Number of protein chains: 2
Amino acid sequence: MIQAIDRAARVLSSLQGARHLGITELAGILELPPSTVHGIVKSLQAHGLVAKEPGSQRYMLGPALLKLSNVYLDTLDVRARAMRWTRELARRTGLSTRLGAELFDEVIIIHHNRRPDGSQQMLETGITIPSHASALGKVLLAYHPSAADELLAKPLRSLTGDTVTDPATLRLQLASVAERALAMEEDEAVLGESSVAVPVADRSGTVIAAVSVVMPSSEWPPEAGVLNDLRETARNISRELGYSEWPPRVVPNDD
Amino acid sequence: MIQAIDRAARVLSSLQGARHLGITELAGILELPPSTVHGIVKSLQAHGLVAKEPGSQRYMLGPALLKLSNVYLDTLDVRARAMRWTRELARRTGLSTRLGAELFDEVIIIHHNRRPDGSQQMLETGITIPSHASALGKVLLAYHPSAADELLAKPLRSLTGDTVTDPATLRLQLASVAERALAMEEDEAVLGESSVAVPVADRSGTVIAAVSVVMPSSEWPPEAGVLNDLRETARNISRELGYSEWPPRVVPNDD
DNA sequence: AACGTCATTCGATAATGTCGAATATGCCCC
DNA sequence: GGGGCATATTCGACATTATCGAATGACGTT
């Protein structure tokens with residue numbers, strides 16, 4: 001780990017959290033001298049990764065991140081291949097769909113289809129949810145046992161009163177997910193919202209993403225037809241990626 | 001400029017351009033020893049800014065960029081305030097709209113409304129266009145004379161046969177933009193597509209973004225009503241940002 | 001104008017990052 | 001499975017870079 005790069009990344013993370021920060025504030029958060037932080041911020045600014053807030057001394061994330069992110073999404077083979085299938089899934093089920101990938105202790109939504117009822121819905125691409133509190137995340141954890149082990153060794157955050165944070169309970173859930181290749185979550189991330197997710201595997205059988213449908217909790221549990229459509233979607237995406245034996249199997253402590 | 005951070009940013013830029021690269025390829029592009037590049041890439045990877053391509057030795061941009069970018073967009077005051085106005089502009093004109101900000105020699109689209117005719121259209125947020133070849137970019141250049149000076153000192157790329165790349169011609173255009181607070185572009189970025197843009201100013205009178213409508217070149221030139229709607233949109237956004245004297249004036253060589 | 005707070009500059013030096021050599025890994029062919 | 005080649009990764013000496021404290025400049029408020 002190159003210390004200067006580590007520190008630069010921590011500046012970005014701090015701005016991601018607090019949005020706008022002055023040099024002194026950043027220095028406090030990072031426990032570094034202001035002049036050190038200044039050098040880091042100026043270097044990031046020169047590359048457009050950080051910007052000064054208009055009319056103020058505070059800094060915020062910069063526009064170069066947007067371009068990089070756009071290229072990231074464009075580069076993702078799984079996303080490109082999933083798009084038509086998840087659109088079709090949303091159409092058939094009348095539900096919104098999400099495609100998620102792993103980002104440390106969270107799942108990040110890399111593609112999202114709105115519910116096809118024409119209602120106003122937020123764009124979710126780029127949103128993260130703690131893995132333990134989402135069906136998508138539980139799938140990814142179930143297929144990456146060492147990542148799960150690390151996560152379950154930490155105190156877990158409750159997002160709602162229904163979030164499961166007990167490691168032993170989660171281990172049982174993950175074992176069930178691994179067996180059924182299906183994860184469920186009811187009101188754990190957002191009250192009134194529940195979801196069910198299944199794994200997407202690449203040519204080598206590695207689970208690289210998960211796909212889910214999201215429904216109002218008033219409509220829970222999902223009908224068998226929805227589960228079948230969801231599985232079919234994951235099978236189709238996985239097949240396009242070169243994996244023909246859906247559902248994938250868990251490889252014990254593979255990382 | 002901290003060299004290690006500069007090099008890390010250049011790794012990200014290289015991956016942004018070429019999408020997938022091995023260590024040796026990156027080393028060639030950056031003209032650095034492979035072991036140096038390896039250290040940089042591993043540091044970026046530890047923060048999710050770079051990822052290894054599934055099943056290969058090559059690296060690509062990483063998911064942390066998507067989360068950072070999402071926060072960047074969410075943090076942008078001008079974007080939040082512009083959204084309702086540009087949606088209304090698209091509705092009234094029947095055209096797609098773009099809100100653009102400056103990213104070095106390019107304009108980056110930070111918000112986009114599709115043409116309201118229900119046709120299949122690509123999402124444009126995060127896309128960049130060379131400033132000299134876009135109406136949005138010409139507005140931003142006209143209001144930032146020193147940025148314009150720097151850009152016009154470099155050889156400019158033709159995107160289509162109609163792209164204006166002659167510095168003297170561009171200077172005349174930018175002077176006219178500054179005077180009229182309006183920029184036009186016909187087939188310069190994409191054949192068959194033309195646009196007209198106007199500036200958006202913040203509380204201090206600094207032009208921090210530009211807003212445009214895009215139309216098929218077969219419908220060019222824009223009607224007076226469209227221009228009025230566009231100006232009204234920029235005036236409304238600027239007023240929400242605290243600027244009440246639209247159109248803004250150019251401050252000579254202010255950077 | 002004065003004051004307090006924070007941003008930025010500067011330069012000595014501590015320590016970090018660099019980079020060449022060696023080793024490990026992956027892939028392809030037989 | 002073995003061999004060969006190309007590339008990734010490791011290791012450690014040391015050159016160079018980043019750090020950080022002190023000083024100065026800028027900004028906002030009174």
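A note on names: the letters A, B, ... follow the listed sequences, proteins ahead of strands, and every chain is numbered from 1. Predicted, not measured: the structure shown is a model, and the values here were computed from it.
- With the end axes of the helix from C/dA1-D/dT30 to C/dC30-D/dG1 each set by five pairs, the angle from one to the other reads 70° at 10° resolution.
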Hey, can you pull the donor-acceptor pairs under 3.5 Å for the side chains in residues 27-41 of chain A, sequence neighbours left out?
none

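- Under the rule for a salt bridge (Lys or Arg N to Asp or Glu O under 4.0 Å), the partners of A/Glu232 that lie at least two apart in sequence or sit in another chain are A/Arg235.
- The nucleotide range of DNA chain C contacted by chain A, defined by atoms under 4.0 angstrom from heavy atoms of the protein and reported 5' to 3', is C/dC6 to C/dT18.
- Without hydrogens or angle criteria, A/Ser238 side chain to A/Ala201 main chain gives a donor-acceptor distance under 3.5 Å.
- By the side chain to side chain contact (heavy atoms under 4.5 Å, CB included) test, A/Met83 is found to be paired with A/Arg79, A/His111, residues two or more places apart in sequence or in another chain being considered.
- Applying the side chain to side chain contact (heavy atoms under 4.5 Å, CB included) rule to B/Asp74 yields the partners A/Arg19; only residues at least two apart in sequence or on another chain are considered.
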Contact pattern, 5' to 3', of nucleotides 23-30 of chain D - B, S or - by protein heavy atom under 4.0 Å: ----S---
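- In this view, B/Asp202 satisfies the salt bridge (Lys or Arg N to Asp or Glu O under 4.0 Å) rule with no residue, not counting sequence neighbours.
- With A/Trp246 contributing its side chain and A/Asn236 its backbone, the two residues share no donor-acceptor pair below 3.5 Å.
- Environment of CZ in A/Arg249: sparse, with no more than 12 heavy atoms of neighbouring residues, nucleotides or ligands closer than 6.0 Å.
- Not counting sequence neighbours, the partners of B/Arg58 by the salt bridge (Lys or Arg N to Asp or Glu O under 4.0 Å) test are B/Glu53.
- Taking B/Ser69 as the reference, A/Leu66, A/Ser69 meet the side chain to side chain contact (heavy atoms under 4.5 Å, CB included) condition, with sequence neighbours excluded.
- The stretch residues 1-30 of chain B touches DNA chain C through B/Arg7, each having a heavy atom under 4.0 angstrom from the strand.
- For A/Arg203, there are no side-chain hydrogen bond (donor to acceptor under 3.5 Å, both in side chains) partners two or more places apart in sequence or in a different chain.
- From B/Arg84, atom CZ reaches atom CD1 of B/Ile237 across 10.5 Å, with rounding to the nearest 0.5 Å.
- The phosphate of D/dT9 has OP1 or OP2 within less than 4.0 Å of a side-chain N or O from B/His38.
- Summarising the geometry, the separation between CD1 on A/Ile40 and P on D/dT17 is reported as 17 Å, rounded to the nearest angstrom.
- Close to D/dT9, at under 4.0 Å from its OP1 or OP2, lies a side-chain N or O of B/Lys52.
- In the model, A/Lys138 has a side-chain atom that pairs as donor or acceptor with a side-chain atom of A/Gln173 under 3.5 Å.
- Where A/Gly39 and B/Leu32 each meet DNA chain C at their nearest nucleotide, the meeting point lying more 5' is that of A/Gly39.
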